[in-house]
Amino acid sequence: MKFMKSLFVPLLINIFIINIFTGCVKKEDMTEEFKRFVKEYEAKAVPLFTEANTAYFNATISGKEEDYKKAADLQVKLSKIYASKVDFAKLKRFKDSNTIQDEQLNRQLIKIYNAYASSQIDEKKLEEMIRLQNETEKKFSTFRAEVNGKKITDNEVENSLKTSTDSKLLEATWSASKEVGGVINDNLIKLVKLRNEAARELGFINYHEMSLKLSEQDPQEIENLLNELDNLTRDSFAKLKNDIDEHLSQKYNLPKDKLMPWHYENRFFQEAPKIYKVNLDSYYKDKDVVALTKNYYSGLGLPIDNMVAKSDLFEKEGKYQHAYCTNINKGKDVRVVCNVKPNYNWMGTMLHEFGHAVYDYNIDSTLPWTLREPAHTFTTEAIAMMFGRMASNGQWFVDVVGITKEEKDKIADESFKSLRLEQLTFSRWVQVVYRFEKGMYENPDQDLNKLWWDLVEKYQMLKRPEGRNKPDYASKIHIALYPAYYHNYLMGELLASQYYAYIVKNVLHSEDLKNQSFVYKPEVGKYLLENIFKPGTKYYWNDMIEKATGEKLTAKYYAKQFVE
Ligand SMILES: [Zn+2]
């Protein structure tokens with residue numbers, strides 16, 4: 001999922017009337033003034049927002065220099081709106097006055113204030129940051145790993161890591177894929193320092209702290225949550241990691257202590273190796289993944305045909321190699337970018353991205369523009385993840401893929417174990433990314449290669465290649481381009497479990513937490529629509545969660561599902 005920060009240039013001369021006679025401003029005056037402010041703000045931001053999103057979408061599809069330039073220019077323009085010192089001073093006054101009482105107006109004030117606050121950066125610095133980001137993004141999009149003189153795509157890298165049993169080739173492929181880290185590392189460090197300088201100018205300790213606070217997250221609460229999860233998952237993960245090593249040791253005919261990071265079937269060990277016999281890819285190899293996704297959402301009463309038609313779902317030369325969903329106009333123009341292949345990974349990704357899409361698409365269109373977005377980036381991740389998980393759910397295979405009950409009995413247990421393994425593997429990986437980023441922003445001049453591998457050893461329990469001293473952290477696109485964001489995926493997983501448990505118990509009135517596919521359950525769609533999608537970001541995220549599930553965000557349903 002893409003995360004775009006906005007910034008920018010006032011197109012109108014702001015007329016701001018200060019009540020100089022009384023020296024204090026009446027509540028109604030302040031409210032009226034703020035309403036006027038919002039109107040002017042929307043007049044500037046709304047059209048540019050749509051234009052910038054469209055240009056970005058086009059650039060990621062074509063991969064062309066001029067398209068990326070157009071997208072970057074528009075983003076700079078949009079950014080400048082939020083960079084206005086004059087407007088920010090007004091917002092600060094509205095906020096400090098504490099007189100905006102109307103709930104929706106107050107909510108808009110918080111959202112708009114935070115958007116401006118993160119952009120109160122020297123204009124030159126800001127432009128430099130955006131250009132660096134776009135340049136880095138392009139380097140990622142167009143980088144191809146070179147193995148034995150042959151350039152290969154990310155899909156081919158992943159495929160090779162999964163299927164080859166030749167340790168030499170695996171090491172060469174893994175190392176080649178890490179070269180992108182060296183390509184973008186200078187840009188990354190420049191970006192980190194620029195971001196930090198900017199954050200300090202705004203009164204924050206560093207960029208990491210600023211990002212969390214301005215996205216309505218308390219750094220201490222996040223830290224507590226991650227520590228709690230570390231404690232909850234450590235022992236189970238250590239056991240499973242041993243199972244993984246037993247399996248890989250046989251696969252490669254190597255002693256366990258000779259297993260290296262390239263043996264884990266993934267560039268980052270962010271996904272689990274396939275240690276169980278069940279091969280989910282085989283169930284999708286003859287399937288039309290796009291059609292399955294369409295039918296599934298249609299059965300929930302959340303049709304996606306309109307969005308599929310606008311999306312770009314298959315591989316192309318030069319095209320962005322990852323997947324994302326974008327709400328072009330905070331309305332009904334919602335698009336997804338994928339590089340679909342008929343396999344388990346892309347089935348899960350399609351369900352995931354269209355989870356974002358149905359959320360965006362069904363937000364109440366009568367809400368003010370500012371509130372027409374998910375309650376938080378991680379609450380939309382939660383929906384995307386809840387649906388993404390279905391791609392390995394035994395019941396889903398019966399209901400959607402069309403396997404028999406007997407076949408399901410064979411695969412259900414192992415596919416659940418696979419999901420659990422994936423979850424725990426992923427949760428350990430997020431520990432690495434979150435703590436690395438926190439450390440990097442606290443001190444970008446430290447030995448980051450060491451920090452990275454120390455964390456990888458501690459949380460993922462992998463062995464660092466002897467003598468390796470390369471910026472491997474930089475080969476992960478999120479580190480440079482979606483900073484201080486990764487923990488949201490984990491919070492999304494926790495919330496996905498919370499939503500799922502709530503739906504099973506209270507919407508489907510079932511005690512069976514495992515065998516649920518939601519296939520042809522329009523009541524599930526209706527629940528999501530009314531309680532989660534429609535409200536947009538009308539409420540603070542934890543209030544929305546409490547209204548929808550009766551509880552604030554908690555890790556207990558995740559633990560119940562995957563640890564106990
Ligand atoms: Zn996502």
Side-chain angles (χ1 to χ4, degrees), residues 1-5 53 56-57 60 137 140-141 154 158 211 215 217 222 266 268 270-271 289-290 293 296-297 300 302 304 307-308 310-313 320-328 330 334-340 344-363 373-393 419 422-423 425-427 429-430 433-434 437 476-500 528 532-533 536-537 541 544-545 553 558:
M1 137 126 213
K2 171 131 172 89
F3 187 53
M4 227 194 263
K5 277 260 159 71
N53 283 345
Y56 178 79
F57 177 83
T60 56
E137 179 144 15
F140 266 112
S141 281
D154 284 357
E158 290 297 340
S211 292
S215 72
Q217 289 178 340
I222 308 292
N266 179 277
F268 304 99
Q270 72 180 73
E271 286 166 23
V289 166
V290 176
T293 310
Y296 180 63
Y297 280 105
L300 288 166
L302 302 168
I304 59 168
M307 295 176 267
V308 168
K310 289 176 171 154
S311 296
D312 197 291
L313 300 177
Y320 185 80
Q321 297 200 75
H322 310 273
Y324 71 90
C325 169
T326 176
N327 187 352
I328 296 279
K330 291 204 192 186
V334 177
R335 307 179 195 178
V336 165
V337 171
C338 275
N339 293 277
V340 171
Y344 163 62
N345 184 37
W346 281 107
M347 183 74 248
T349 303
M350 280 290 284
L351 288 169
H352 177 108
E353 296 305 335
F354 279 95
H356 286 304
V358 291
Y359 197 151
D360 284 341
Y361 191 84
N362 290 296
I363 290 172
E373 57 186 43
H376 194 280
T377 48
F378 89 84
T379 69
T380 177
E381 286 308 331
I383 294 298
M385 286 160 169
M386 183 175 75
F387 287 121
R389 286 175 189 173
M390 290 299 179
S392 68
N393 177 296
L419 177 62
E422 272 176 37
Q423 283 295 329
T425 302
F426 182 70
S427 91
W429 158 247
V430 178
V433 175
Y434 180 82
E437 284 194 289
K476 184 65 189 166
I477 192 168
H478 296 73
I479 302 286
L481 295 178
Y482 312 107
Y485 181 75
Y486 221 79
H487 60 285
N488 285 302
Y489 292 117
L490 192 54
M491 289 170 74
E493 296 287 7
L494 304 185
L495 182 57
S497 292
Q498 188 168 338
Y499 282 154
Y500 179 81
L528 294 171
I532 298 166
F533 301 164
T537 187
W541 58 265
M544 182 280 286
I545 294 170
L553 178 65
Y558 181 86

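Both counts, for ligands and for their atoms, begin at 1 and track the order of listing.
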Practice item. Please name all residues satisfying ring pair (Phe, Tyr, Trp, His ring centres under 6.0 Å) with Tyr361, sequence neighbours left out, ordered by chain then number. Key: none
Check your understanding: Quick check: does Glu353 put an N/O/S atom under 2.8 Å from the Zn ion (ligand 1)?
Key -> no
Review point. Is there a donor-acceptor contact under 3.5 Å linking the side chains of Asn345 and Glu158?
Key: no
Check your understanding: Would Cys325 count as a contact for the Zn ion (ligand 1), in the sense that one of its N, O or S atoms lies under 2.8 Å from it?
Key -> no
Practice item. For the residue pair Tyr489 and Gln270, confirm or rule out a side-chain donor-acceptor distance under 3.5 Å. Key: no
**Study point:** Validation row: Met390, Tyr500 side chains within 4.5 angstrom (heavy atoms)
**Key:** yes
Review point. To the nearest 10°, how many degrees is the angle Glu381 OE2 to the Zn ion (ligand 1) to His356 NE2?
Key: 90°
